[in-house]
Structure formats: C-alpha cells, structure tokens
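In what follows, every heavy atom counts, from backbone to side chain, and hydrogens, waters and symmetry copies are set aside. Just so it is clear, the structure is predicted and the values come from calculations on it, not from any experiment.
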Amino acid sequence: MKSLNLYDIEDLRYEEIDKPVITSPTDVIIRVKATGICGSDTSRYKKLGPYQEGMTFGHEFSGIVADVGSQVTSVSVGDRVTGCPAIVCHKCTHCEQGNYSRCESLYVIGSLEPGCFAEYVKLPESNVLRLPDTVDFNTAAMVEPSAVVAHGFYKTSMEPGATVAVMGCGSIGLLAIQWARIFGASHVVAIDIDDHKLDIARTLGADYCINSTRENLGKIIDTLPYHIDVAVESAGALSTIGPVLTLPKKGGEVLLLGIPYADIQMARIQFEKILRNELNVIGSWNGLSAPFPGKEWSSTLHYMSTGELDIKPIISDVLSLKNGPETFDALVNKKRHFDKVIFTP
C-alpha cells in the first residue's frame, strides 16, 4: 500500500509498504478515507523528527472497516468508522482508575507503530468507533482533535452563561469556540494575529474577535461588557502562554490545550496573575476517559451529527496522499496558506 513515512526532519517520503495484517483476535484493519495533518505532525516534521526512522506518520482519520479479528463484535467489514489513535496499557494505576490520558505507557499511532497517512491502518477494537450516517469522512477525520478539546472543557468548572476567551484560532481554537457554545457559553471572545482565522472564528460563533497585533489586548479585555470566566490557550505559542493568564476574572480558569515545542518565558506580572487573581490553571492532555475511549468521543460524534460541531469551515484543502511531501514542505515553510489539510489516500 502507499503511505507517507517520516525518515528525518523535513524528510517525508511517499512510498510503498506492506499492508497491515490481522495478528490479534481483536485487531481491526481500516481502509483510510480521510486523514488530517495535526499541529504535532508539523512539529515532528519541522523540529523533532520521527520517533522511529521511516515510521508511517499520522493519527487523525476516518475510514471503512476492511477486516476484523476473530473476536471482534462491535464493528463489521464495511462499517464507516473513526479511530482513537491513543494506545494505552489498560493495566497501570491510572488506567485502572479510568484516567487513560495519564497512562504510564500511552503513545499514539504514527509514533511507535504505523499511523494513518496510508491506505490502511490497524487498531484494537476498543479504539474503533462507528460513525453516524450523517457524519461524512472529512468531518470524521476531525473527531480526534475535537475529543482533545472536549477533554479539556470537561475538566473545567464552566457553567452555562459563562464567557470564554480562546487564544489562538487554529483548528484546536476553532473547535474550542464551538465546544464553548456547546457547554453553554453566552459570549465567546476569539484572539489571534491572523484576520483570516478570526473571520472563520466569527463564522463558528465568536462574538468578539481581537487581532492582538493591532489592538492592545489588555485594554480591549477591560472594555468588554462581561468578565472572562474561562480563558483557553490553544496555540502553544511562546507569545500566548503568558498573556492568556491575564485574561480571566479573579477566581477564573485557564485551560491549557496548546503544546509548546520550545522553552517558554513569561513576565512576572503574568505569573502573578495566577496568585493575585487566584486562578485555576488546568493542564489537559489527550482526550480519553472511562469507559474507554470516553465521553469526549461519543459527545463529539453526537454534536457532529447534529451540526453543532461544524468542521467544513476549518478545512481549506482536501488533497491526495501522494501530495504529502510537497504539502508538508509548503505548510511548515509558509510557501502558501493552509488551514486544516485533509489527505485522501
């Protein structure tokens, strides 16, 4: 089968490899119909390189069941599905408590075993979820990042009527805007440095959009007719992790979703906001809960089926998998603009 394999920094190859085969009675092999580029993929490509040389990349996808092991009962050949890419041990203390995102051995496909930038991918039955009839494959390729965002919101104490600020309007931020609405936010503030992203944010439900390169963020926040209850950091950027602490009201919450790939620094006054405003700063990792893979996944599929999670405005490009090497190069080296990119093997 054809696949995208990462050999080194900026060395991604479209090449032929062996198709996965059933080796366990609970294995499910899925023919990939749509698979998305994650921000962590671009960081691996540009900065970190692969966990293993030549590993098939990718972990966000949807597809059709092509083969199943002898003990698989929850899905059948021909079913439309998505997959949770997180592999957990189900044995450590955290797994036994249902805190699967804290599993001592957690890894994601595309790192230590083949991922979904390929024509076929293999997962355990427990990681495979059937799609509602109303959810298309491109939308379903975004179930995993949506579950990651939902996991964070479930960790907050947010109540209906709250005001939420989302800093960073990439795919995660645009999903966060929609999850804020689902959790009952009355007002959503979107913050970014890109007017195009802010336009999408407005389309997806942001009431107030701030371009922080042109406007004084502190002054704008102070003039809003409502206080911010929850501030979401969704970029993982050095320029956002400190400032997000200045946004919530006293006693408010900061939800950290973005992953930084360099050391961070913050001004003393930003750190002091945690203390003086008695903020609750929430770290969130992956998107798993009990029963595995968790309510984050079932809720995502439900709200995708109702249209309350709208993925179409987030996707800018649907490309053939064979365009992977040139697309990654253009994306990380800013040779052209992309929003969310979906590959179709």
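- Under 3.5 Å, the side chains of E15 and N5 contain a donor-acceptor pair of N or O atoms.
- Residues I64 and I29 do not share a hydrophobic cluster, defined by chaining ILVMFWY side chains whose heavy atoms lie under 4.5 Å apart.
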Under the side-chain contact (heavy atoms from CB on, under 4.5 Å) criterion, do L175 and M142 qualify, and how do the steps go?
CA-CA 10 Å; L175 288 165; M142 292 282 285; 4.1 Å; yes
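- By the 6.0 Å contact criterion, NE2 on H302 is enclosed, its count of non-hydrogen atoms from other residues, nucleotides or ligands being greater than 12.
- Note on V341: it does not cluster hydrophobically with F137, by side-chain heavy-atom contacts below 4.5 Å among ILVMFWY residues.
- Between atom NZ of residue K197 and atom CG of residue L174 there is a gap of 8.5 Å, rounded to the nearest 0.5 Å.
- The side-chain heavy atoms of L4 and Y45, taken from C-beta on, include no pair separated by under 4.5 Å.
- Environment of OH in Y226: crowded, with over 12 heavy atoms of neighbouring residues, nucleotides or ligands closer than 6.0 Å.
- Contact annotation: the side chain of I311 never approaches that of N138 to less than 4.5 Å [non-hydrogen atoms, C-beta and beyond].
- Cation-pi contact between K322 and Y14: absent, since separation from the ring centre below 6.0 Å together with deviation from the ring axis within 45° is not met.
- C84 and L288 make their closest contact through SG-CD2, 3.6 Å (heavy atoms, listed as atom of the first residue, atom of the second, distance).
- A perpendicular orientation is assigned to the rings of F57 and F117, their planes being inclined by more than 60° (bins at 30° and 60°).
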Trace of the salt bridge (charged side-chain N to carboxylate O under 4.0 Å, His left out) decision for E16 with K2
CA-CA 5 Å; E16 191 83 24; K2 296 295 186 182; 3.3 Å; yes
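- For the residue pair S299 and Y154, a side-chain donor N or O sits within less than 3.5 Å of a side-chain acceptor on the partner.
- Under the 6.0 Å distance and 45° angle rule, R44 does not count as a cation-pi partner of Y261.
- Using a 4.5 Å cut-off on side-chain heavy atoms (C-beta onward), E60 and K340 make contact.
- When only modelled atom types and interatomic distance are considered, N333 and K46 share a side-chain donor-acceptor pair under 3.5 Å.
- Side chains of E125 and V68 form no contact here, defined as non-hydrogen atoms less than 4.5 Å apart.
- In this structure, the side chains of C89 and E104 stay at 4.5 Å or more apart for every pair of heavy atoms.
- Residue D133 qualifies as open at atom CG: its count of foreign heavy atoms under 6.0 Å is 12 or below.
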Please walk me through it: do W297 and E144 pass side-chain contact (heavy atoms from CB on, under 4.5 Å)?
CA-CA 8 Å; W297 295 80; E144 190 271 348; 3.7 Å; yes
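- Listed for the Q52 side chain is no donor-acceptor partner under 3.5 Å among the backbone atoms of G54.
- Heavy atoms of other residues, nucleotides or ligands lying less than 6.0 angstrom from CG of L217 number more than 12.
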Start with the C-alpha gap between D199 and R202, add the side-chain angles, then the distance that decides, and say whether salt bridge (charged side-chain N to carboxylate O under 4.0 Å, His left out) holds.
CA-CA 5 Å; D199 287 341; R202 191 175 289 107; 3.2 Å; yes
Should Y120 and D67 be marked as a side-chain contact (heavy atoms from CB on, under 4.5 Å) after you check the CA-CA gap, both sets of side-chain angles, and the distance that decides it?
CA-CA 10 Å; Y120 293 88; D67 197 5; over 6 Å; no
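- Contact check for P20 versus M1: side-chain heavy atoms found under the 4.5 Å cut-off.
- Within a 6.0 Å sphere centred on CD of E159, other residues, nucleotides and ligands contribute 12 heavy atoms or fewer.
- The structure places NZ of K312 at 12.0 Å from CG of L204, a figure rounded to the nearest 0.5 Å.
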Would you please test D207 and R181 for salt bridge (charged side-chain N to carboxylate O under 4.0 Å, His left out) and show each step?
CA-CA 11 Å; D207 302 290; R181 288 296 191 193; 2.7 Å; yes
side-chain contact (heavy atoms from CB on, under 4.5 Å) between M304 and T82, intermediate numbers included:
CA-CA 13 Å; M304 283 180 171; T82 188; over 6 Å; no
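- Within a 6.0 Å radius of CD in Q97, more than 12 heavy atoms belonging to other residues, nucleotides or ligands are found.
- Judged purely by atom type and a 3.5 angstrom limit, T163 has no side-chain atom pairing as donor or acceptor with the backbone of D229.
- Counting heavy-atom neighbours within 6.0 Å of I274 CD1, excluding the residue itself, gives a total above 12.
- Side chains of P114 and M55 form a contact here, defined as non-hydrogen atoms less than 4.5 Å apart.
- With contacts defined as side-chain heavy-atom distances shorter than 4.5 Å, the pair V128/S74 does not qualify.
- Electrostatic pairing of R336 and D317 counts as a salt bridge here, judged by a charged N lying under 4.0 Å from a carboxylate O.
- With rounding to the nearest 0.5 angstrom, the CG atom of L106 is 12.0 Å from the OH atom of Y100.
- Under the 4.5 Å side-chain heavy-atom criterion for ILVMFWY residues, no single connected hydrophobic cluster contains both V32 and L319.
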